[in-house]
Amino acid sequence: MNQLRHMSVFAYIVETGSITAAAESLQLSKSVVSQHLKALEQELGITLLKRTTRRQSLTPAGDDFYQQCKKLNEIADSAWQQAQNTLQVPQGLVRITAPNALMDTLIAPAIGKLMQQYPLLEPELISSDSRLNLMMDDIDLAIRAGPSNDSTLKQQRIGEFRDQLCASPALIERINTQRDGIKQASYIANTWQANQVCHEFRRIETNNTAKAEDEIIRYTAQARCKADSFYTCLTLIQSGAGVGIIPDFMIDNLRSQVQPVFPGYQLPVNPVYALYPYSQNLPLSVRVCLDAIIGTLDC
């Protein structure tokens with residue numbers, strides 16, 4: 001590291017024309033600049049500059065060496081400028097992961113608009129109902145339902161949604177007309193769910209005449225079929241294979257295909273968290289992506 005510093009100072013001495021001028025440019029004392037030059041010449045074993053009280057000139061070896069030192073400073077200046085530019089304009093690769101339902105319905109539309117605003121931004125969207133390892137999979141931003149127990153990650157609550165237990169209209173009719181119809185219906189589960197599923201529903205609007213036991217519905221089932229993708233589960237539910245949970249933000253677009261099993265009742269809130277591996281300030285490109293996602297969740 002000292003060699004690089006010596007070389008940088010040497011280039012300044014040549015370009016400013018004197019040790020005094022280089023010291024002023026670098027905001028160092030003349031003695032410190034002189035020491036850099038002396039140490040450099042001693043380590044190289046050659047004379048780089050011929051100096052008198054009035055002028056200085058490069059030796060042939062010094063001229064060749066200066067050309068390389070000049071390139072070193074140019075590279076350093078360019079790297080510094082590029083780093084500064086990232087503080088002003090969102091740009092470069094940003095890897096974002098989220099569950100399928102959140103990604104396709106909320107996150108991808110938000111990032112799509114952002115790409116039109118910032119042409120240098122290069123998002124990579126990874127839809128997965130599995131929880132990827134942010135460090136091992138080189139993820140900049142993860143959006144997940146529920147908090148993380150990983151203390152090495154920063155997390156921020158950014159929104160919420162509720163699941164609804166749904167089924168196809170034909171299955172809903174059988175459930176409502178057959179004795180113990182809901183108990184006979186198969187449960188379609190995602191692989192992140194337990195084999196024994198337990199849901200507790202509360203009445204959305206209560207009234208004074210309702211009995212306390214009518215305010216809560218407790219539903220338990222053994223998962224008959226599991227899939228590692230939300231959309232596979234959704235296809236099975238739509239086909240009438242069984243009942244399963246669907247996020248409330250997707251229901252409006254699926255009204256003709258699925259219906260709630262317990263209308264008038266709701267499941268608890270699912271908090272949505274943003275997780276990222278940055279301990280200090282978020283890079284600008286990640287920050288603008290997160291802000292866009294939060295804006296979508298707030299709508």
Side-chain angles (χ1 to χ4, degrees), residues 95-109 111 124-153 155 157-168 171-172 175 182-201 217-251 253-254 257-262 265-277 293 297:
R95 287 169 54 84
I96 304 171
T97 185
N100 287 285
L102 283 171
M103 179 67 81
D104 290 8
T105 309
L106 301 175
I107 296 171
I111 299 302
E124 182 176 341
L125 306 183
I126 305 165
S127 299
S128 176
D129 289 333
S130 301
R131 296 199 166 194
L132 301 182
N133 184 299
L134 271 64
M135 300 303 293
M136 292 182 63
D137 294 301
D138 197 22
I139 302 297
D140 295 296
L141 179 62
I143 307 299
R144 292 177 177 168
S148 171
N149 295 324
D150 190 340
S151 61
T152 65
L153 301 175
Q155 56 183 318
R157 181 166 176 164
I158 60 174
E160 61 184 39
F161 68 93
R162 295 179 191 270
D163 287 317
Q164 289 191 25
L165 187 68
C166 296
S168 67
L171 182 55
I172 289 290
I175 289 172
I182 185 60
K183 293 182 179 179
Q184 297 178 33
S186 300
Y187 191 96
I188 309 299
N190 201 303
T191 50
W192 57 262
Q193 293 179 268
N195 290 327
Q196 183 71 23
V197 179
C198 300
H199 294 311
E200 184 173 284
F201 300 81
I217 295 176
R218 292 182 176 88
Y219 167 77
T220 61
Q222 185 74 19
R224 181 183 175 190
C225 176
K226 279 193 168 187
D228 64 356
S229 163
F230 165 76
Y231 286 105
T232 303
C233 292
L234 177 60
T235 298
L236 290 165
I237 295 168
Q238 291 172 318
S239 71
V243 303
I245 54 173
I246 299 175
D248 57 5
F249 55 79
M250 298 192 69
I251 297 298
N253 295 328
L254 299 170
Q257 303 169 60
V258 297
Q259 296 174 3
V261 174
F262 300 117
Y265 288 79
Q266 64 185 11
L267 287 167
V269 162
N270 294 316
V272 178
Y273 284 83
L275 291 85
Y276 38 86
I293 293 168
L297 289 170

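For clarity, every value in this text was computed on a predicted model and none was experimentally measured.
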Is the shortest heavy-atom distance from the side chain of [X] to the side chain of [Y] under 4.5 Å?
X: W192; Y: P99; result: no
X: N190; Y: I245; result: no
X: T97; Y: D137; result: no
X: F230; Y: D104; result: no
X: D150; Y: L275; result: no
X: Y276; Y: L153; result: no
X: Q238; Y: V258; result: yes
X: F249; Y: L102; result: yes

**Message:** Please find the pair of heavy atoms, one from A101 and one from M250, that lie closest to each other, and give the distance.
**Reply:**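 So the minimum-distance heavy-atom pair works out to CB-SD, 3.7 Å.
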**Taking every non-hydrogen atom, the tightest pair across G244 and I237** = CA-CD1, 3.5 Å
Starting at [atom1] of [X], measure out to [atom2] of [Y] and round the result to the nearest 0.5 Å.
X: I175; Y: F262; atom1: CD1; atom2: CZ; value: 7.5 Å
X: Q257; Y: C166; atom1: CD; atom2: SG; value: 11.5 Å
X: I293; Y: M103; atom1: CD1; atom2: CE; value: 7.5 Å
X: Q164; Y: Y265; atom1: CD; atom2: OH; value: 14.5 Å
X: I111; Y: L125; atom1: CD1; atom2: CG; value: 6.5 Å

**Prompt:** Can you name the salt bridge (charged side-chain N to carboxylate O under 4.0 Å, His left out) partners of R95, sequence neighbours left out?
**Reply:** E124
**Prompt:** Mind checking what makes salt bridge (charged side-chain N to carboxylate O under 4.0 Å, His left out) contact with E200, not counting sequence neighbours?
**Reply:**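 E200: salt bridge (charged side-chain N to carboxylate O under 4.0 Å, His left out) contacts with R202, R218.
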**Message:** Using 30° and 60° as the class boundaries, would you call the ring planes of Y187 and H199 parallel, tilted or perpendicular?
**Reply:**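 Correct class here is tilted.
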**Prompt:** Do any N or O atoms from the side chain of Q259 and from the backbone of I172 form a donor-acceptor pair under 3.5 angstrom?
**Reply:** no
**Asked** Can you tell me if D129 uses its side chain to pair, donor with acceptor, with the backbone of N100 under 3.5 Å?
**Response** yes
**Working for side-chain contact (heavy atoms from CB on, under 4.5 Å), residues L254 and L234** = CA-CA 10 Å; L254 299 170; L234 177 60; 3.9 Å; yes
**Asked** Can you list the steps and then say if D248 with Q266 is a side-chain contact (heavy atoms from CB on, under 4.5 Å)?
**Response** CA-CA 10 Å; D248 57 5; Q266 64 185 11; over 6 Å; no
**Item:** Residues, nucleotides or ligands: over 12 heavy atoms within 6.0 Å of R162 CZ
**Value:** yes
